[in-house]
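All remarks here apply to the structure that follows.
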Amino acid sequence: MSDDNISLAGYHHAPMIGYHRAPLSQKFGAPRQPNLVALTSIIEMIAPYDSPAAFAGLDAFSHIWISWQFHHNYTNKDTHIGKGGTGFRAQVRPPRLGGNQKIGVFASRSMYRPSALGLSVVKLESIEVCDGRVLLIISGADMIDGTPIIDIKPYVAYSDALSDAKSGFAPTAPDLLEIIITEFAYEQFMTLVDAGRCDKNDDDDDNDNDNGTETENKNNKKAIHAKNNSVATLIQQMQEQLLIADIEIIKALIAQDPRPAYRRAEINTPFVMRYKSVDVSFQLIESGQLQIMAVVKVSL
């Protein structure tokens, strides 16, 4: 047996069945757990796994399990597949414990795993068929754009939800920080929203921001319809088109405090989160709030 065969003997190879398409293209800002932020995204199935027949009956379930790959962790697959497993980290420092305390990797949900696999429960908003291909519209994912999808299974409440389960060092959801936005940043955001509306036939009253926000919040997850759009168009709209409702999503993402644990005491230090087609700058201020300072269009 060759050295290559020996090094790969202990590995299971699974096909990629699709890709996650999301407003978040970078790890910074992505929720650390699923269902912390109701972020709408798409799973784009690929052939031959994109057949509508493969999803018959799935619409009867409200949530699904997603098996996926941490594809940004390794630039070279040999780092964790060969070389005697040189990429294996036996211990990690969870942000939940302040980023200083070490625990075993198998006692964590760290992205740095020997399998490089993630597992998430997400809400299934709808199943769309576009150009004969299946798109799953989901919300609550903790995956970034381009994440390879390994498998999909229905979430079954009677067996998957265990009311007496213990959650170790993470018994409850993390505390959220208060988010404020400067008038300058809000004006930047609204200017970009208005610019994105120019090519749309929208009967809503653009001058009534409150009504617009309420309407878009109700319809944001239903805004992706496959009947009159190509797959590429749908994905581009979801990844780039800024809506009024996005300001609440941006606030919810930043409220999770994506900053490294060891830098969370830094006052007036700017951080930048990429969301859709904008860079959102924010900082911790003396009052203990995270302040959004700027929302700037980026070239994609």
Subject >> ring pair (Phe, Tyr, Trp, His ring centres under 6.0 Å) pairs, two or more places apart, involving residues 31-50 >> reply: none
Distance-only criterion, 3.5 Å: show the donor-acceptor pairs between side-chain atoms of residues 93-104 and protein atoms not counting sequence neighbours.
from	atom 1	to	atom 2	distance (Å)
Arg96	NH1	Thr172	O	3.2
Arg96	NH2	Thr172	O	2.3

**OP:** Determine whether more than 12 heavy atoms belonging to other residues, nucleotides or ligands lie under 6.0 Å from atom CZ of Phe169.
**Re:** yes
**OP:** Please test Val105 against Tyr112 for side chain to side chain contact (heavy atoms under 4.5 Å, CB included), starting from the C-alpha separation and ending with a verdict.
**Re:** CA-CA 8 Å; Val105 65; Tyr112 297 104; 5.7 Å; no
Original post:
Between Val278 and Val296, is a side chain to side chain contact (heavy atoms under 4.5 Å, CB included) present by the stated rule, with each step listed?
Top reply: CA-CA 5 Å; Val278 298; Val296 180; over 6 Å; no
**OP:** Run the salt-bridge test on Asp257 and Arg259 with the 4.0 Å N-O cut-off and return the result as yes or no.
**Re:** yes
Original post:
Listed by chain and number, what are the side-chain hydrogen bond (donor to acceptor under 3.5 Å, both in side chains) partners of Thr269, not counting sequence neighbours?
Top reply: Glu266
Original post:
In terms of side-chain geometry, is the basic nitrogen of Lys276 or Asp246 positioned less than 4.0 Å from the acidic oxygen of its partner?
Top reply: yes
**OP:** May I have the step-by-step check of side chain to side chain contact (heavy atoms under 4.5 Å, CB included) for Tyr275 and Leu242, ending in yes or no?
**Re:** CA-CA 9 Å; Tyr275 179 83; Leu242 210 60; 4.2 Å; yes
Subject >> Path from Met293 to Ile247 over hydrophobic side-chain contacts below 4.5 Å >> reply: no
Original post:
Does CG in Asp175 sit with more than 12 non-hydrogen atoms of other residues, nucleotides or ligands closer than 6.0 Å?
Top reply: no
Original post:
So, the side chain of Ser120 versus the backbone of Val122: is there a donor-acceptor pair under 3.5 Å, distance only?
Top reply: no
Subject >> Contacts of Asp160 that satisfy salt bridge (charged side-chain N to carboxylate O under 4.0 Å, His left out) - sequence neighbours left out >> reply: none
**OP:** Please name the pair of heavy atoms, one in Ser230 and one in Cys130, separated by the smallest distance, quoted to 0.1 Å.
**Re:** C-SG, 3.5 Å
**OP:** List the steps, then state whether side chain to side chain contact (heavy atoms under 4.5 Å, CB included) holds for Trp68 with Asp142.
**Re:** CA-CA 11 Å; Trp68 47 281; Asp142 53 344; 3.9 Å; yes
Subject >> Side-chain (Asp59) to main-chain (Ser126) donor-acceptor, under 3.5 angstrom >> reply: no
**OP:** Sequence neighbours left out, what pairs pass side chain to side chain donor-acceptor pair (under 3.5 Å) with at least one residue falling in residues 278-289?
**Re:** Glu178-Gln289, Arg274-Asp279, Gln283-Gln291, Ser287-Gln289
Acceptor/donor pairs from residues 144-151 side chains to any protein atom, 3.5 angstrom cut, sequence neighbours excluded:
from	atom 1	to	atom 2	distance (Å)
Asp145	OD1	Ala22	N	3.1
Asp145	OD1	Gln239	NE2	2.5
Asp145	OD2	Gln239	NE2	3.3
Thr147	OG1	Ile144	N	3.4
Thr147	OG1	Ile144	O	2.8

**OP:** Mark yes or no for whether Ser139, through its side chain, and Thr40, through its backbone, hold a donor-acceptor pair below 3.5 Å.
**Re:** no
Original post:
What is the ring orientation for Phe28 with Phe271, classed by angle as parallel under 30°, tilted 30 to 60°, or perpendicular over 60°?
Top reply: parallel
